[in-house]
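Scroll down for the structure; my scribbles are underneath it.
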Amino acid sequence: MNQAIKKIDGLADPLTTPLEKLDIADPRRFEHDTWPPLFERLRNEAPVHYQADGPGGLDFWSISRYEDIVEIEKDWETFSSEPSIAILDPEPDMVVQMFIATDPPLHDDQRRAVQPAVAPRNLLEFEALIRERTQETLDALPIGETFDWVDRVSIDLTTKMLATLFDFPFERRHKLTEWSDAATSDARLTAGAGLSIDERRVIMIEMLQEFTQLWHDHKDDGKESFDLIRLLQKDPKTANLVDDPLGYMGNLMLLIVGGNDTTRNSMTGGVYFLNENPAEYDKLKADPSLISSMVSEIIRYQTPLPHMRRTTTKDTEFRGQHIPKDSRIVLWYVSANRDSDVIPNADEFIIDRPNVRNHLSFGCGIHRCMGNRLAEMQLRVLWEEIMKRFSRIEVVGEPVRTCNSFVRGYHKLPVRLHAL
Amino acid sequence: MPVVTFIEYDGTQHQVDADEGMSVMEVAMKYDVPGIDADCGGAAVCGTCHCFVESSGELSAADPTEESMLGLRPDRESNSRLSCQLRVSESAGDMTVRLPEFQM
């Protein structure tokens, strides 16, 4: 298999090349889905690993074991989320500010302001609407013809949900997907395939302009709604966020990406994993009450965000290594979720595994994914409605995966539906 | 053996004999008490085993990790705790914990 990898992408053999010669964050391993052996090696040989020359020429540390990531996330005072939660540093002339990349107390204030939008009480109200939209989307799909699941289902459903969460004009909702994709496609993280800094900036400013208009439109219409914008307006601590363009822009990027890529790619991943593991699909057909458990397993197995970054606020010792102040610490959730010391048979996709909720796809600690309940609900409703309609979703070709070390996902997945 | 009483949000009560040394979260899991999710399995890093302690003997105070997680709860009260951090013991005695409307 390693020979084949070399032929495909020209990457060094992850098992025989000296570790210091490997770029752990090389996005092509995600594009070709050849990342697991490298991270298994890291967990075994170098769980706290320093790399001198990473994306954009920056150095960083890779943390690959489950328990180590949990310990680091607990200590947010030493391992800060400022100034950035991705390997790359913020661009000096456009330091956007988002609460995922801040520490308490600012983090807690801004997070608490928007949390009610995705709290389970609000979700009960959303569920009927989400189900209706899911039914519409699924009912429009052709039976027995090849089509792209990513485009017709995953993108369609997550975009509709995002428009609802922001109370964004429904007919213009495709813009949300465009902005989300732009926010995560920095060319330095995508092996050159993404956008340049200037191109991204133009798109992000367009997003800011539209959302500034939306803020003012929402402000005065007197509508009672639990959408994210009105929640920010209602909380005294964030009521003037629009006056701080970089803060507003940052939090929009966070909420749009957080509600988009993650769910979208788990919607696609589930279809793919069930095709690869027909025995698991048989289990699901025999007992559809496994859907909730399967949803957690899909989210673990996909790990739509492979990493988050922290930055040390002081010199520190960790697992016997000296880590200087201002070091970039990359927490590889994608690796932790395959750590068999914590998750038995972690490389296998098992929809009814014990302790299925114990995974790190949502991260942990104070930055743990705020929308996790919404994401799980969207996926649960999707699979409930799929099982009512189709006997099988057959994957008829290899997926086209994203070449990105921050978003692990799919551009395309050709499928064919079989009627009940 | 100390007795732990769980009161669900809708008022349903579950009274169980708890083994010393277990956490209140583990007791809830063992007896299938609904309303506690415990996504992180007991490390105090997910906040999904939140409860309100109505009565108990002596309990250890929340450590900084638990404190930061409780700080994110929109429904936090002065008796909020993460049940994974509450240990059943002779000194903690019989406990009554109320469960929140939702975990997140």
Side-chain angles (χ1 to χ4, degrees), chain A residues 66-78 81 99 103-105 107-124 231 235 292 296 299-300 331 336 342-343 354-377, chain B residues 7-12 22-52 60-78 80-86 98-104:
Chain A
Y66 193 108
E67 299 288 357
D68 289 350
I69 290 179
V70 170
E71 194 161 323
I72 286 176
E73 297 242 55
K74 275 184 178 186
D75 186 2
W76 54 263
E77 285 173 301
T78 308
S81 289
F99 68 81
D103 298 324
H107 164 267
D108 293 10
D109 288 343
Q110 294 194 340
R111 178 176 167 132
R112 265 196 303 254
V114 288
Q115 204 163 22
V118 290
R121 191 186 300 153
N122 208 31
L123 295 190
L124 286 178
L231 285 168
D235 191 305
S292 288
S296 288
I299 294 169
R300 175 188 76 91
L331 310 176
V342 177
I343 302 169
N355 303 318
V356 70
R357 302 187 64 82
N358 298 170
H359 61 71
L360 286 184
S361 294
F362 296 128
C364 65
I366 58 170
H367 295 284
R368 185 166 191 266
C369 174
M370 189 181 80
N372 68 84
R373 293 303 198 255
L374 172 62
E376 289 173 347
M377 190 249 277
Chain B
I7 308 173
E8 286 183 63
Y9 187 70
D10 68 5
T12 310
M22 281 178 102
S23 71
V24 170
M25 177 277 279
E26 287 164 340
V27 175
M29 292 288 144
K30 183 175 166 188
Y31 292 99
D32 287 324
V33 177
I36 288 185
D37 293 344
D39 287 4
C40 77
V45 289
C46 73
T48 65
C49 67
H50 178 214
C51 70
F52 307 102
S60 56
D63 71 7
T65 304
E66 183 184 351
E67 195 53 47
S68 343
M69 293 311 292
L70 288 172
L72 302 175
R73 295 288 319 195
D75 52 351
R76 181 180 190 173
E77 291 175 21
S78 58
S80 282
R81 291 298 301 264
L82 296 183
S83 58
C84 71
Q85 301 301 299
L86 301 174
R98 200 159 43 79
L99 303 180
E101 183 183 1
F102 52 80
Q103 303 285 357
M104 70 178 291

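Every chain is numbered from 1 and lettered A, B, ... according to where its sequence line falls, protein lines coming before strand lines.
- Of the two parts of B/S68, the backbone and the side chain both hold a non-hydrogen atom closer than 4.5 Å to a non-hydrogen atom of chain A.
- Within 6.0 Å of atom OH in B/Y9, 12 or fewer heavy atoms from other residues, nucleotides or ligands are found, so the atom counts as exposed in its surroundings.
- Of all the heavy atoms in A/Q115 and B/P74, the pair that sits closest is OE1-CD, 3.6 Å.
- Here A/G365 is the residue among A/G365, A/P105, A/C364 with the most heavy-atom pairs under 4.5 Å with chain B.
- If you tally non-hydrogen atom pairs under 4.5 Å between each of A/I366, A/V70, A/D108, A/V356 and chain B, the highest count goes to A/I366.
- In this structure, B/D37 pairs ionically with A/R373, as a charged nitrogen and a carboxylate oxygen lie closer than 4.0 Å.
- With sequence neighbours excluded, the residues forming a side-chain hydrogen bond (donor to acceptor under 3.5 Å, both in side chains) with A/R368 are B/D39, listed by chain and number.
- Interatomic distance, NZ of A/K74 versus CE of B/M69, reported as 10.5 Å (0.5 Å rounding).
- With a 4.5 Å cut-off on side-chain heavy atoms, A/R112 and B/L72 do not count as touching.
- Interatomic distance, B/M29 CE to A/N355 CG, rounded to the nearest 0.5 Å: 9.0 Å.
- B/A38 touches chain A through its backbone: at least one of N, CA, C or O sits under 4.5 Å from a heavy atom, while the side chain does not.
- Interface remark: B/C40 contributes backbone atoms only to the contact with chain A (heavy atom separation under 4.5 Å).
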